[in-house]
Number of protein chains: 2
Amino acid sequence: MDRLLQGVQIRINEKLFLKDPESSSLGRRIIEFSIQLIDEIGFESFTFKKLGKEIGSNESSIYRYFENKHKLLLYLTSWYWGWMEYQLVFATNSIRNPQEKLMKAIFIMTKTIKEDSAFSHINEVLLNNIVINEYSKSYLTKEVDVENKEGYYIIYKRLVSRLGEMISEVDPNYKYPTSLASTILENGLHQHFLKEHFPSLTDCNSKVTPTQYLTHLVFNTLNNTIDE
Amino acid sequence: MDRLLQGVQIRINEKLFLKDPESSSLGRRIIEFSIQLIDEIGFESFTFKKLGKEIGSNESSIYRYFENKHKLLLYLTSWYWGWMEYQLVFATNSIRNPQEKLMKAIFIMTKTIKEDSAFSHINEVLLNNIVINEYSKSYLTKEVDVENKEGYYIIYKRLVSRLGEMISEVDPNYKYPTSLASTILENGLHQHFLKEHFPSLTDCNSKVTPTQYLTHLVFNTLNNTIDE
DNA sequence: TAGAATATGATAGTATTACTATTATATTTG
DNA sequence: CAAATATAATAGTAATACTATCATATTCTA
C-alpha cells in the first residue's frame, strides 16, 4: 500500500484551516509535531505556544494555519478517518462475499495500528492514540450542531454510512444497521481505551482484541431469528 | 420509589471533595446550580466564578468544597452512577428469571430520564444530559490511571461488574460479558447523543429508543450457536 | 536582478481562567 | 457570651487564548 499512498492526498474540509498545512514545510511540521505533542501531554495541556517552542517556530505563525487547537484536533481526526476510509474502500472493494467483506471492514476499523508507514510527516500510531483518547472531545461540545452543519464531521459520517451498508448487505432485515455501524466505530475505540486503563471493564487484553469481541458481537447479531 | 429515597444517601468517594456538599445548604446549592449551569453552558465554559455569581456566593467559597471543576464533575457523575446502581439493584433484586432480569437492567441503564423526582436539589433529567455530554471527559485525561487508583471510578466499575454478572447468568458460555456490559453503558449514552446531534448516525429516533436497539443487540448475541 | 508580494518571527498587549492568600464579617456552638 | 467555624470580599499570580503590529526573511515575477 505504501507506494500507492504517496500519490494520495486525504481531502480535509477547507474551513478547518486558515492556510493549508500541506502547502508548506512549516505547515507539515505543525501537523507532525502537534501529533507528537498531543499524544505526549494530552489535548488539555497542549497549547500553540508549547507547539511553537517544540518546532522552533512562533505561536503567531501557527495561528496563521489554525484558528485554535480545537480546529487542529478536528483537522487531525478528519485526516485519520479519511485515512481509515481509504483503507476500508481499498481493502474491501474486491470482496464479493458480504460476510467476508464486513469481517474485513470490522478488522480494519478496530485493529490496533502498529506501524507508521504511509505518510512521511504523519505518525499513524500516535494519531490512532489521539483518536482513542481525544476524539470524543471534538464533538462533545456546545458548538457541535453548528460545526456539524459546517461539514466538519463529514468523513466520519461517510464511514459510518459505508459500514452500515455493508451490514445491511449481510442481513437486509436487520433493523439497526446504522446504530450498529456507529457502535463498531465508537466502541472499538472505547474497548482499546479500556484495555489500556480499565482492564477490569473489558474482556479485551493482550490475547483478546477489540476486533474479536466486535466481530463476534456483529455476526451473532445478524441473520438471527430472535425478534423484538 | 420517591419516599424510600428520602432515607437513602448516595455515598461518594470522600477524596472527591474537600468538604461534603451534602453537609450544608451552600454545598447543596453548589450541587444544584452546578448541574444547571454545566447543562446550560457546557463543561468547558463552566467556571467556579460563574457558578458563584449564579448562586450569589463567592468563588473562594466554592473552592472550599471542591478543588477544581474536574473533581466536581467526578462528584456529579459518581452520584449519577450511584443513583443508577441503586435503581438497578432495587428493580432487579426480586426478579428470578435471568432473561427478564437482564432485560430490566438494560432498560434501567439506557432509558431516557424524564422526571426529576428523587432528590430535592438534584435534577436527574439535567444530570442525565450532563452524563451523556460530559462523562467521557472525566476519564479521557492524562491523570486517569492515578485517579482510577484513587477510586474515583469505583461506582461505575461496580455497575459494569453487576451488569456483566447478569449477562453471564443468561449465557454462562458467552466469552465477553464484561465488554458487553461496558458497551451497554457507554454506547447507551452515545446513542442518546447521536439521536440528538447526529440523527444520520443512528437508527434511534422518537420512535426507536437506544434501549430497544441495545436490548435487541444483547439478546441476539447471547445464547447463540455461532462461535469464533 | 530589483522590487513586490508573501511568509514567518518577535514582541507586546488583553481578557479570562484557575487558582492561592489574606482579611473581614457572619453564623453556629459550647 | 466567647470561641470556633463558615462564608464573603478583595487582591494577586501565572498561564491561556488569543489579537495586533512591526520587522525580517524568502519567493516570485516583470
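So that the names make sense, note that chain A is the first sequence line, chain B the second, and so on, each numbered from 1.
- Checking C:dC19, D:dA17, C:dT11 against every side-chain atom of A:Ser60, the shortest atom distance belongs to C:dT11.
- By the 6.0 Å and 45° rule, A:Lys69 stacks over the aromatic ring of A:Phe43.
- Straight-line distance from the CZ atom of A:Phe48 to the P atom of C:dA10: 18 Å, rounded to whole Å.
- Residue order along DNA chain D, read from the 5' end via each residue's closest nucleotide, puts B:Glu59 first among A:Glu44 and B:Glu59.
- If you take NZ of B:Lys49 and P of D:dT10, they are 12 Å apart, rounded to a whole angstrom.
- Closest to the B:Lys19 side chain, of the nucleotides C:dC19, D:dA6, D:dC18, is D:dA6.
- Within 6.0 Å of atom NZ in A:Lys142, more than 12 heavy atoms from other residues, nucleotides or ligands are found, so the atom counts as buried in its surroundings.
- Considering only the side chain of B:Asn58, D:dA8 comes nearest among D:dA20, D:dA8, C:dT8.
- Checking D:dT7, C:dG9, D:dT16 against every side-chain atom of A:Lys50, the shortest atom distance belongs to D:dT16.
- Of all nucleotides listed (D:dA17, C:dT20, D:dT7), D:dT7 comes nearest to the side chain of B:Ser61.
- Taking 4.0 Å as the cut-off between side-chain N and carboxylate O, A:Glu165 and A:Arg162 do not count as a salt-bridged pair.
- The shortest distance between the side-chain N/O atoms of B:Tyr65 and the OP1/OP2 oxygens of D:dT7 is below 4.0 Å.
- Out of C:dT22, C:dA10, D:dA17, the shortest distance to the side chain of B:Arg64 is found at C:dT22.
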